[in-house]
Amino acid sequence: MAGDAGAKEEVAMGDAQHQGSAEGAAVITGAGSGIGAAVARRAAARGMPVVLADLSAERIEAVATAITDAGGDALTVPTDVADPDSVEALAEAAYARHERVGLLVNNAGVESLGSLWELPVDEWRRVMSVNIDGAFHGIRSFVPRMGADPGPSRVVVTTSVGGIGTLAGMGAYGVSKHAVQQMTETLHLECAQAFPQIGVSAFVPAHVTTRIFEDVAPSAHAGAAVDHWRTQLRQKGMTADEAARIFFDGVDRGDFWICTHPDVYSRLAGRRAQLLAEALPPDYG
């Protein structure tokens, strides 16, 4: 598509100064579409070899083909982040191909909609296993290896504004993202003690146009909500390529908080701080 070609050209031109300057490979989970694919393309444009992980082999092969056709280095490793053995195999494949990993992006995530009491148990478990366990498995398999390398590196975990505020109807997703945010903050403190050469960032997207709601099957308890959010992202969402630009701007600065929509983050964080400080119940403010 012409729009895709333009986005790729903009990435290549915008990151030309980084060509050949990156040290180590970038490993990205959830790299088959959306933010993960856009981060992979931009990492490759910066001269980084990329390792693409996703449950869908077909999707990451398509992303890898676009990268290699443009002269980049891309390895695909179909991965189920909910399975610790699968993530360990990803780490082994990455280090078999590359001497070091300079950037780990724990990005894989899924959505769920509906009131807590309406959610099927299997759906709850799927969200927790991908969003929470997936990030944990990435940390467990990669951080010790990255910590054994004295060179600088960074772990970025995709959290969400859903991990800052609270929204009715997204209970499973919100619970998972609050947990992942806490995990990222803990990792920051623990790496500072054990592996100070590893920087840690929380990447906090708000409305970004991805397929996250396309992969939520409409059901009796969430059909109208799914349609609503799909429309919201299509009409109002930031492009994934723009989100990836913000991502790397934050990485380059060494930021802990990397927010696609700082105004949304500030509003939610400010309200959250007020609720906690004044011991107030959550609301729709």
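Given the structure is predicted, the values throughout are model-derived calculations rather than measurements. Side-chain atoms are counted along with the backbone in the values below, which use heavy atoms only and exclude waters and symmetry mates.
- The two residues A37 and G32 have their closest heavy-atom pair at CB-C, 4.2 Å.
- Cluster annotation: L104 is connected to W257 through the hydrophobic network of ILVMFWY side chains, with a link wherever side-chain heavy atoms come within less than 4.5 Å.
- Following chains of ILVMFWY side-chain contacts shorter than 4.5 Å, one can reach V27 starting from F136, so the two form part of one hydrophobic cluster.
- Side-chain atoms of T68 come within 3.5 Å of backbone atoms of T65 as a donor-acceptor pair (strictly under, hydrogens ignored).
- Between L75 and V50, the closest side-chain pair of non-hydrogen atoms is not below 4.5 Å.
- Counting heavy atoms from C-beta on, the side chains of M238 and H261 come closer than 4.5 Å.
- In this structure, the side chain of H178 engages the main chain of G165 through a donor-acceptor pair within 3.5 Å.
- S266 places no side-chain N or O within donor-acceptor distance of the main-chain N or O of D263, the cut-off being under 3.5 Å.
- If you take CZ on F195 and CE on M146, they are separated by 10.5 Å, rounding to the nearest 0.5 Å.
- In this view, D149 and R100 satisfy the salt bridge (Lys or Arg N to Asp or Glu O under 4.0 Å) rule, not counting sequence neighbours.
- In this structure, the side-chain hydrogen bond (donor to acceptor under 3.5 Å, both in side chains) partners of E185, at least two apart in sequence or on a different chain, are Q181.
- Of the possible donor and acceptor atoms, none in the side chain of K177 sits under 3.5 Å from a partner among the backbone N and O of A172.
- The two atoms that bring A135 and V157 nearest to each other are CB-CG1, 4.3 Å, heavy atoms only.
- Annotation for L276: hydrophobic cluster partners, listed by chain and number, are none (ILVMFWY side-chain heavy atoms under 4.5 Å, direct or chained).
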List the atom pairs, donor and acceptor, that lie under 3.5 Å between side-chain atoms in residues 198-205 and the rest of the protein, sequence neighbours left out.
from, atom 1, to, atom 2, distance (Å)
S201, OG, R154, NH1, 2.7
S201, OG, D255, O, 2.6

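- The CZ atom of R59 sits 5.0 Å away from atom OG of S33, with the distance rounded to the nearest 0.5 Å.
- Remark: H188 pairs with F256 by the ring pair (Phe, Tyr, Trp, His ring centres under 6.0 Å) rule, at least two apart or across chains.
- In this structure N106 satisfies the side-chain hydrogen bond (donor to acceptor under 3.5 Å, both in side chains) test with no other residue, sequence neighbours excluded.
- Every side chain to side chain contact (heavy atoms under 4.5 Å, CB included) that T239 has, sequence neighbours left out, goes to D241, E242.
- Here the straight-line distance linking atom CG of D283 with atom CD of Q274 works out to 8.0 Å at 0.5 Å rounding.
- Salt bridge status for R245 with D249: present, with a side-chain N to carboxylate O gap under 4.0 Å.
- The main-chain N or O of A91 is never found under 3.5 Å from a side-chain atom of S141 such that the two would form a donor-acceptor pair.
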Go through the steps for F247 and T260 under the test side-chain contact (heavy atoms from CB on, under 4.5 Å), then give the verdict.
-> CA-CA 8 Å; F247 175 101; T260 61; over 6 Å; no

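- Closest of all the heavy-atom pairs between I139 and P144 is O-CD, 3.6 Å.
- Residue pairs meeting the salt bridge (charged side-chain N to carboxylate O under 4.0 Å, His left out) criterion with at least one partner in residues 129-139, sequence neighbours excluded, do not occur; the list is empty.
- Checked against side chain to side chain contact (heavy atoms under 4.5 Å, CB included), A269 has the following partners two or more places apart in sequence or in another chain: I164, Y265.
- With E118 contributing its side chain and S115 its backbone, the two residues share a donor-acceptor pair below 3.5 Å.
- Side-chain atoms of H137 come within 3.5 Å of backbone N or O of V81 as a donor-acceptor pair.
- N131 and S176 get closest at one heavy-atom pair: ND2-OG, 3.0 Å.
- Taking CD1 from I35 and CD1 from I246, the interatomic distance works out to 10.0 Å, rounded to the nearest 0.5 Å.
- The shortest distance between side-chain heavy atoms of M183 and T186 does not fall below 4.5 Å.
- T76 meets the side chain to side chain contact (heavy atoms under 4.5 Å, CB included) test with L52, I60, E61, A64; sequence neighbours excluded.
- Between V175 and M128 there is a side-chain heavy-atom pair separated by less than 4.5 Å.
- The CD1 atom of I28 sits 6.5 Å away from atom CG of L103, with the distance rounded to the nearest 0.5 Å.
- Looking at V143 and C191, their side chains come closer than 4.5 Å, going by heavy atoms from C-beta outward.
- Put simply, CD on E111 and OH on Y173 are 5.5 Å apart, with the number rounded to the nearest 0.5 Å.
- Sorted by first then second residue, the salt bridge (charged side-chain N to carboxylate O under 4.0 Å, His left out) pairs that include residues 67-86, not counting sequence neighbours, are D73-R97.
- Side-chain atoms of Q197 come within 3.5 Å of backbone N or O of G147 as a donor-acceptor pair.
- Minimum heavy-atom separation, V110 to V127: CG2-CA, 3.9 Å.
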Taking it one step at a time, do S112 and L119 satisfy side-chain contact (heavy atoms from CB on, under 4.5 Å)?
-> CA-CA 9 Å; S112 177; L119 294 175; 3.5 Å; yes

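- Side chain of T79 to backbone of V77: a donor-acceptor contact under 3.5 angstrom is found.
- Hydrophobic clustering, with ILVMFWY side chains joined whenever heavy atoms are under 4.5 angstrom apart, keeps L55 apart from V39.
- A94 approaches F142 most closely through the heavy-atom pair CB-CE2, 4.2 Å.
- The side chain to side chain contact (heavy atoms under 4.5 Å, CB included) check on E92 picks up E88, R145, with sequence neighbours excluded.
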